[in-house]
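Below is one structure, written out as structure tokens, with a few remarks after it.
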2 protein chains.
Amino acid sequence: MSGDAQISRLKPGRRTDIRRENERAILEAAEKVFAEAGFGGATMQLIADMAGLPKANLHYYFATKEDLYRRVVQQIFEIWLDAASSFDDAPGPVEGIGAYIDAKMDISRTHPHGSKVWASEVMHGAPVIQDYLETTLRDWTEGRIAVIQRWIDDGKMAPINPRHLLYLLWATTQHYADFGHQIQTLNDGKPLSDKQWREAKASVKDMVLRGIGAI
Amino acid sequence: MSGDAQISRLKPGRRTDIRRENERAILEAAEKVFAEAGFGGATMQLIADMAGLPKANLHYYFATKEDLYRRVVQQIFEIWLDAASSFDDAPGPVEGIGAYIDAKMDISRTHPHGSKVWASEVMHGAPVIQDYLETTLRDWTEGRIAVIQRWIDDGKMAPINPRHLLYLLWATTQHYADFGHQIQTLNDGKPLSDKQWREAKASVKDMVLRGIGAI
DNA sequence: TCGTTTCCTGACCGTATGGTCAAGGTGAAG
DNA sequence: CTTCACCTTGACCATACGGTCAGGAAACGA
């Protein structure tokens with residue numbers, strides 16, 4: 001913050017900025033390439049081209065392809081965890097689950113690549129993030145199940161199985177990112193418009209909140 | 001049908017059987033390998049090993065890796081289409097959608113590999129089955145939307161958006177296959193038992209049928 | 001038995017990939 | 001200006017992969 005807003009695109013100037021900017025560009029390119037080609041199909045050369053750097057430079061910042069991949073997966077996981085705070089500070093399912101659906105649908109629209117990388121990783125048996133599943137994700141899940149169970153006990157929603165509600169929420173919201181291409185094809189080849197996204201969010205919230213007897 | 005039930009595992013005997021048996025073994029191995037490693041990560045060598053054949057033999061039956069892959073994707077698509085008949089011969093949403101959920105959940109349990117291959121293919125932009133999406137899948141979708149709309153018009157369910165209902169159905173049912181590893185990890189590392197699968201199906205049906213105001 | 005079609009497979013090839021390295025460039029501190 | 005840590009990169013390497021092929025084995029029909 002030295003007085004004037006830096007564009008910070010290229011010509012980074014300071015040393016630290018060089019590192020930050022290059023890592024950012026690499027991670028952004030990697031996210032896209034890993035999402036579109038999978039880990040096995042992605043090549044360092046393609047990521048390098050997309051980031052506008054020579055391939056050897058990638059290995060200066062990220063030792064191996066796996067290191068780079070791991071960082072990309074961690075990134076989307078953290079974004080999802082942040083969004084999950086919607087759950088906690090809510091008086092009941094209408095606000096809590098409603099906000100959670102909103103947040104996850106927004107992420108599906110703004111970070112479709114990350115969502116696909118995560119899906120791909122889990123589908124292949126989570127070779128690099130198994131520990132996250134067993135620790136952070138498990139803890140988070142148990143916590144949310146407890147919250148939902150409390151809502152049920154308080155009569156704020158029907159006695160559905162909280163675990164399967166979470167799976168339905170994850171599946172449905174992420175579907176709009178992971179299967180975005182299929183959805184686009186069924187939408188005459190055009191991406192969903194702002195209006196269609198609002199309609200999607202409203203539909204999902206409506207079905208889910210009805211489905212759990214919250215409205 | 002020459003009198004005795006053939007085991008038909010190995011030692012196929014007749015010419016036609018040799019071809020049939022080898023293609024079956026290759027397709028089965030390919031489905032598993034493509035699901036676990038993705039198209040790019042899968043190797044013909046690994047598929048060959050898993051099928052118990054030398055690699056060169058694979059290329060005798062399937063010219064290229066892509067040919068083999070295409071066959072695997074088509075297979076799961078046909079299985080899903082068959083299951084979709086549940087939709088048609090049903091008087092209302094409770095029977096129709098209920099049966100559809102049952103069918104797709106069963107497939108997620110019996111054909112998890114195929115589901116993953118399909119998901120991976122769509123996530124990567126459907127390079128080899130784009131035409132299916134634009135023809136068969138689109139037609140099928142429009143047909144089912146019409147059926148659902150009729151149920152709505154007949155007052156058999158709430159006026160939800162049929163398209164987003166279909167997406168929710170696809171997402172949720174396939175989630176149990178595509179994210180099966182995550183679900184298993186959250187289930188203390190153990191696969192869902194028969195009882196847990198029944199519970200899952202019941203939960204999904206309950207939430208969905210409530211959600212659309214059919215019960 | 002013979003001829004023909006189908007099936008089998010070890011050895012091989014061109015290519016593309018992840019990763020390395022050494023030499024050179026560049027910004028900032030003293 | 002000098003120094004030094006950090007950054008950049010073309011050239012290179014070993015490996016692994018998809019695919020080919022020629023020669024042989026096995027299954028059938030006559």
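We name chains A, B, ... by the order of the sequence lines, and we start the count at 1 in each one. Note that this is a predicted model, so its numbers are computed, not measured.
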What is the distance from [atom1] of [X] to [atom2] of [N], rounded to the nearest Å?
X       : N      : atom1 : atom2 : result
B:Phe62 : D:dT20 : CZ    : C1'   : 18 Å
A:Asp49 : C:dA16 : CG    : C1'   : 14 Å
A:Asp17 : D:dC6  : CG    : C1'   : 14 Å

* **Pairwise side-chain contact, A:Trp118 with A:Val73, heavy-atom cut-off 4.5 Å (strictly under)** =>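 Yes; the side chains approach each other to less than 4.5 Å.
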* Side-chain contact test, heavy atoms from C-beta onward, threshold under 4.5 Å: evaluate it for A:Trp170 versus A:Lys104 and give yes or no. =>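 Yes, close enough: below the 4.5 Å cut-off.
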* Counting heavy atoms not belonging to A:Glu66, are there more than 12 under 6.0 Å from its CD? ->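 Check fails, neighbour count at 12 or below.
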Distances under 3.5 Å only, N/O to N/O: pair up the protein atoms with those of nucleotides 17-23 of chain C.
unit_1	atom_1	unit_2	atom_2	d
C:dG18	OP1	A:Ala42	O	3.1
C:dG18	OP1	A:Lys65	NZ	3.1
C:dG18	OP2	A:Met44	N	2.9
C:dG18	N7	A:Lys55	NZ	3.0
C:dG19	OP2	A:Lys65	N	2.7
C:dG19	N7	A:Lys55	NZ	3.0
C:dG19	O6	A:Lys55	NZ	2.7

* Only counting residues at least two apart or in another chain, list the ones meeting salt bridge (Lys or Arg N to Asp or Glu O under 4.0 Å) with A:Lys201. =>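 Expected list: A:Asp102, A:Asp106.
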* Working for salt bridge (charged side-chain N to carboxylate O under 4.0 Å, His left out), residues B:Arg163 and B:Glu142 -> CA-CA 9 Å; B:Arg163 188 175 295 273; B:Glu142 298 305 327; 3.3 Å; yes
* Test side-chain contact (heavy atoms from CB on, under 4.5 Å) on A:Glu121 and A:Phe34 and set out the steps. => CA-CA 10 Å; A:Glu121 163 70 6; A:Phe34 281 134; over 6 Å; no
N/O contacts under 3.5 Å, protein versus nucleotides 3-8 of chain C?
unit_1	atom_1	unit_2	atom_2	d
C:dT5	O2	B:Arg15	NH2	2.8
C:dC7	OP1	B:Arg19	NH1	3.3
C:dC7	OP2	B:Arg19	NH1	2.5
C:dC7	OP2	B:Tyr60	OH	2.5
C:dC7	O5'	B:Tyr60	OH	3.3
C:dC8	OP1	B:Asn22	ND2	3.3
C:dC8	OP2	B:Asn22	ND2	3.1
C:dC8	OP2	B:Tyr61	OH	2.7

* Asked: Do we see a donor-acceptor contact under 3.5 Å between the side chains of A:His181 and B:Gln130?
  ->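 Yes.
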* Asked: Roughly how far, to the nearest 0.5 Å, is the CG atom of B:Leu165 from the CD1 atom of B:Ile145?
  ->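 Here the interatomic distance stands at 9.5 Å.
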